[in-house]
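The block underneath contains the structure these notes are about, expressed in structure tokens.
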2 protein chains.
Amino acid sequence: MLSNGWVNNSTMPERIDKDRLEPAYAQLAGILRRQIAGGLYPPGGKIPSESSIGKQYGLSVMTVRQAVGVLTEQGLLVRVQGCGTFVKAVTLTGSRFGLESIEEIFRDPGRTRVKVLRMSPERADAKTAQKLGLSEGARVILIRRLLLRENLPAMCHEGRIRCDFTRPLVEAELEVGPLSDLFRGQGAGVAKKCELTIIPTVFDNEEARILNQTEGRPAFRLEYLVYDFDDIPFGWGWFTAAPETLVLRTKLGLWDES
Amino acid sequence: MLSNGWVNNSTMPERIDKDRLEPAYAQLAGILRRQIAGGLYPPGGKIPSESSIGKQYGLSVMTVRQAVGVLTEQGLLVRVQGCGTFVKAVTLTGSRFGLESIEEIFRDPGRTRVKVLRMSPERADAKTAQKLGLSEGARVILIRRLLLRENLPAMCHEGRIRCDFTRPLVEAELEVGPLSDLFRGQGAGVAKKCELTIIPTVFDNEEARILNQTEGRPAFRLEYLVYDFDDIPFGWGWFTAAPETLVLRTKLGLWDES
DNA sequence: AAGTGGTCTAGACCACATG
DNA sequence: ATGTGGTCTAGACCACTTG
């Protein structure tokens with residue numbers, strides 16, 4: 001890396017091509033990303049000020065800010081007011097994990113089936129009462145489902161919902177549709193908010209049988225608690241999935257072209 | 001909710017107060033959030049166009065865009081070009097999980113200790129060879145560490161790094177510092193990129209002993225593979241933590257004031 | 001005091017979707 | 001054709017950090 005800003009002596013300093021389809025801010029974000037990857041700005045180092053970048057590339061400050069914002073959202077840069085913008089070192093705690101691996105299950109309803117294994121009224125046990133804000137022994141509805149992808153068992157589900165006939169929620173929730181809506185977000189949505197927790201577990205006897213797995217094998221449990229638009233919890237439960245079904249993987253730092 | 005835009009007949013329509021410290025875009029984001037929470041714009045519904053919002057509140061389009069951008073990043077809105085901006089239904093797959101719960105372990109070096117249990121040269125087994133791009137039997141260094149918070153065992157670590165004395169990486173990695181740097185990002189950083197995977201597991205005999213846990217109890221394994229600035233993998237390994245240490249929890253949708 | 005990022009304006013043109 | 005979001009400008013002032 002030379003001090004004049006060239007990545008090496010065989011490449012020209014890049015410019016913004018306003019005739020290209022790619023917007024200027026995206027081009028600039030790519031340039032900055034390559035400069036960081038090339039070592040021009042090392043981790044912990046400061047990049048030039050936004051106004052000077054704007055002058056250098058013939059862009060207005062707002063456009064430069066948009067480019068820097070892209071890299072900041074990706075966790076590559078950190079802005080410090082009054083001080084500058086710095087290249088962020090790769091940190092494990094900067095990582096974010098999503099549920100893309102199971103989103104695929106719900107994308108194409110044709111390839112996915114939901115089989116209701118059980119649906120029955122029940123009395124709330126201590127944990128359900130606490131979760132749903134009910135008194136112990138209150139009426140709830142228990143649902144157990146099996147989710148199949150390409151006719152192969154993928155996840156199983158156990159949930160309990162309020163038994164409150166003043167709302168249409170219960171009726172709707174009994175259907176197969178709302179379950180995939182919770183994942184795809186196609187429908188209007190009955191949930192205002194939701195809390196999600198991922199917990200390590202092992203397949204119990206029944207789960208192993210249903211999912212064609214081995215009892216005692218490590219698995220993920222995805223536990224949820226959903227609230228309606230009156231801020232009242234109306235359902236909780238969990239999905240159980242094998243590690244190859246629910247993949248929690250993420251990439252940090254400077255990977256190619258992303 | 002009345003059709004004139006009031007949330008109810010006891011509240012005035014909100015305005016932007018430019019004398020307040022809170023920037024206009026943040027105030028507007030809060031207004032829109034409350035309007036959505038109040039049911040003015042239901043899930044799947046369309047909010048007014050950015051230009052009309054700008055006129056209504058006396059703000060320029062760019063400022064409105066910033067407010068809408070905040071709520072879009074939070075997953076509450078979806079922008080569709082040429083079509084409008086819509087209220088997004090709560091979806092489980094829209095969730096993102098972070099490692100904030102273990103970040104705390106590394107925040108204050110005074111309350112955290114790293115104890116090296118073992119550090120020895122080794123020959124790469126098949127998996128290590130594959131991960132680090134070495135041939136089987138190549139020299140690597142095995143490290144086992146115990147991480148303590150407030151003198152209580154919190155996580156254990158097992159890792160293998162390249163034994164390549166042409167780089168200073170190895171020397172640095174042997175120190176205690178770089179480990180917490182990987183979490184805190186304080187130092188300059190030796191990693192260009194990193195791949196992270198969370199896997200469900202159970203404590204084995206040794207982990208249980210070290211962490212004062214029960215053998216066979218479900219736990220998380222946080223596996224990593226780090227690359228240097230030449231895009232060469234130089235280390236891989238994993239951390240093992242109990243579910244109460246590594247908490248994967250997130251909130252979706254309209255929670256109060258966030 | 002000077003430099004930095006943070007916010008904001010009042011326009012403009014473009015790409016895209018819909019009727 | 002109209003309306004939408006997407007991009008962009010050329011300034012401006014503010015809050016903050018540092019020397």
Side-chain angles (χ1 to χ4, degrees), chain A residues 14-33 35-36 40-41 44-88 186, chain B residues 14-33 35-36 40-41 44-88 186:
Chain A
E14 300 183 69
R15 295 175 186 285
I16 304 296
D17 179 0
K18 302 207 174 183
D19 296 333
R20 265 206 284 173
L21 325 78
E22 195 181 19
Y25 79 88
Q27 292 183 46
L28 178 57
I31 291 173
L32 291 173
R33 163 183 282 277
Q35 288 175 337
I36 294 167
L40 178 56
Y41 309 119
K46 183 154 78 161
I47 71 170
S49 75
E50 296 175 347
S51 61
S52 73
I53 293 177
K55 274 179 196 161
Q56 184 182 348
Y57 292 97
L59 299 171
S60 78
V61 178
M62 288 295 274
T63 304
V64 176
R65 279 188 66 75
Q66 197 171 354
V68 172
V70 167
L71 300 182
T72 300
E73 278 173 45
Q74 293 177 2
L76 264 54
L77 295 176
V78 184
R79 287 203 262 230
V80 182
Q81 179 168 162
C83 193
T85 301
F86 301 84
V87 178
K88 198 173 165 188
Q186 289 268 59
Chain B
E14 300 183 68
R15 295 173 187 285
I16 304 295
D17 179 1
K18 302 206 176 187
D19 296 333
R20 265 206 284 172
L21 324 76
E22 195 182 19
Y25 79 88
Q27 292 183 47
L28 178 57
I31 291 172
L32 291 173
R33 162 183 283 277
Q35 287 175 337
I36 295 167
L40 178 55
Y41 310 119
K46 183 152 79 161
I47 71 170
S49 75
E50 295 175 349
S51 62
S52 73
I53 293 177
K55 275 179 194 160
Q56 185 182 349
Y57 291 97
L59 299 172
S60 78
V61 177
M62 289 295 274
T63 304
V64 176
R65 279 189 66 75
Q66 196 171 354
V68 172
V70 168
L71 300 182
T72 300
E73 277 173 46
Q74 292 177 2
L76 265 55
L77 295 177
V78 184
R79 286 203 263 229
V80 182
Q81 178 168 162
C83 193
T85 301
F86 300 84
V87 179
K88 199 173 166 189
Q186 290 268 58

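All chains are named by letter (A, B, ...) in the order of the sequence lines, taking the proteins before the strands, and each is independently numbered beginning at 1.
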Is Ile16(A) close to Ile31(A) at the side-chain level, that is, under 4.5 Å between some pair of heavy atoms? yes
Show every donor-acceptor pair shorter than 3.5 Å between a side-chain atom in residues 57-69 of chain B and any protein atom, with sequence neighbours excluded, or say none if there are none.
{"unit_1": "Tyr57(B)", "atom_1": "OH", "unit_2": "Gln35(B)", "atom_2": "NE2", "d": "3.4"}
{"unit_1": "Ser60(B)", "atom_1": "OG", "unit_2": "Thr63(B)", "atom_2": "OG1", "d": "3.4"}
{"unit_1": "Arg65(B)", "atom_1": "NH1", "unit_2": "Glu50(B)", "atom_2": "OE1", "d": "3.1"}
{"unit_1": "Arg65(B)", "atom_1": "NH1", "unit_2": "Glu50(B)", "atom_2": "OE2", "d": "3.4"}

Rounded to whole Å, how long is the line connecting atom CD of Glu50(A) with atom C1' of dG3(C)? 12 Å
Report all interatomic pairs (protein N or O, nucleotide N or O of nucleotides 10-14 of chain C) with separations under 3.5 Å.
none

How long is the line joining CZ of Arg20(A) and P of dA15(C), in whole Å? 16 Å
Rounded to the nearest Å, what distance is computed from the CG atom of residue Leu77(A) to the P atom of nucleotide dT4(C)? 16 Å
Write down the distance between CD (Gln66(A)) and P (dT9(D)), rounded to a whole number of angstrom. 10 Å
Atom CG of Leu28(B) and atom C1' of dC8(C) are separated, to the nearest Å, by 13 Å
Would you say dG6(D) has OP1 or OP2 under 4.0 Å from some side-chain N or O of Arg65(B)? yes
Least distance between heavy atoms, Glu73(A) atom then Glu73(B) atom: OE2-OE2, 3.6 Å
Correct closest heavy-atom pair for Leu71(A) and Ala29(A) would be CD1-O, 3.7 Å
Tell me the closest heavy-atom pair linking Val78(A) and Lys88(A), and the distance in Å. CG2-CD, 3.4 Å
For Lys46(A) and for Val64(B), find the nucleotide of DNA chain C with the closest heavy atom, then tell me which residue's nucleotide is more 5'. Lys46(A)
For dT9(D) and Lys18(A) - does any side-chain N or O of the residue sit under 4.0 Å from the phosphate oxygens OP1/OP2? yes
Leu21(A) has an atom CG; how far is it from atom C1' of dT7(D), in whole Å? 14 Å
Phosphate OP1/OP2 of dG3(D) contacted by Ser49(B) side-chain N/O (<4.0 Å): no
Kindly indicate whether the side chain of Leu77(A), heavy atoms from C-beta on, has any atom under 4.5 Å from the side chain of Val87(A). yes
For Arg79(A) and dT4(C), is the shortest distance between a side-chain N/O and OP1 or OP2 below 4.0 Å? no
Could you report the tightest heavy-atom contact between Ser49(A) and Ser52(A), atom names first, then the distance? O-OG, 2.9 Å
Thr63(B) has a side chain; which of dC8(C), dC8(D), dG6(C) sits nearest to it? dC8(C)
Tyr25(A) or Cys83(A), whichever maps to the more 5' nucleotide of DNA chain D: Tyr25(A)
Map Gly82(A) and Glu22(A) onto DNA chain D by nearest heavy atom, then report which one ends up closer to the 5' terminus. Glu22(A)
